[in-house]
Amino acid sequence: MKKYRLIIMVIIAMGIILIGTSDPLTSFYKTTGLISNGINKDRNIESDNTKNKGSQKDSTDKKNTQGNNEEGRNTTDENSKILICIDPGHQTKGDPNLEPVAPGSPYKKARVSSGTVGVATKKPEYVLNLEASVVLKHILEGKGYSVIMTREGHDVNISNSERAIFANNKNANMVVRIHADSLDNSSKTGASILVPEEGGKYTASIYEESNKCAEFIKGKMNESGIQLNGIFQRGDLTGFNWSKVPVVLVEMGFMSNYSEDQMMSNPDYQRKLMRSIADGIEEYFKTK
Ligand SMILES: [Zn+2]
């Protein structure tokens, strides 16, 4: 019994010495300090589209580098050779002047329409489209891709054919057009992916690759739990018919639905949606 009592006394004595030498308050602050730094960092990544662009990019780059290490190869260098053109739909003022819907076509449509407006946010579509496009640009750049944009401001006048020709002339590998939908039926929700028409007179050569990319984006949207109405072929879009580059158009959701309109302006949702597009594009280029 004496032996046990001695051991207990020794343990108690060691405990007293340990408590005496450590500073519990300092270590408490250190721990909570670390935790709150972590949270702040994440908050910058998730919610801030316009400020802190630098930190956003840095964080994504770090993540990317980590990924490369795990995979044991440097995908960033390979990705930098891939040029992605983002086209944020519309602009401050639509241009009702006409342009041919396809090269040499007698049919004409407005050079660029004015887009829709959010029922809840009152935000014009061209503002939402650029907001989301900038998020997408940063995510793609974080993955190491080269990215160009048809517009980085609102006060421009670039027609749909001119946007397509811009990407053609730059030899882009993929065009992603960002839009938002609107309907008289305000209950309709969900994203849609539009691709050029299969066997279309002007788009036959780009259909297959466009659709392949759309399928990968669809897969990533499904994984992220994003409501997707499907992939739809369109032969009537000027921006597709003039494109020599595979192209997908993402209608992010319906600005005519009150809650979906609000959701599309939520930075966390925007980032989730744009990440699924970027991840889909990445999967597509892995097959190349
Ligand atoms: Zn639109």
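Every number for a ligand or one of its atoms is a count from 1 in the order of the listing. Residue numbers run from 1 in the order of the sequence given.
- The pair K220-E282 does not meet the salt-bridge criterion, since no charged nitrogen lies less than 4.0 angstrom from a carboxylate oxygen.
- Using a 4.0 Å cut-off between a side-chain N of Lys or Arg and a carboxylate O of Asp or Glu, K288 and E209 qualify as a salt bridge.
- Here the N, O or S atom of H179 that is nearest to the Zn ion (ligand 1) is ND1.
- Sorted by first and then second residue, the pairs that involve residues 235-248 and meet side-chain hydrogen bond (donor to acceptor under 3.5 Å, both in side chains), not counting sequence neighbours, are R234-D236.
- Put simply, D181 stays out of reach of the Zn ion (ligand 1), with no N, O or S atom under 2.8 Å from it.
- Within E125, the N, O or S atom lying nearest to the Zn ion (ligand 1) carries the name OE2.
- Taking the salt bridge (Lys or Arg N to Asp or Glu O under 4.0 Å) definition, one finds that E215 meets it with nothing, sequence neighbours left out.
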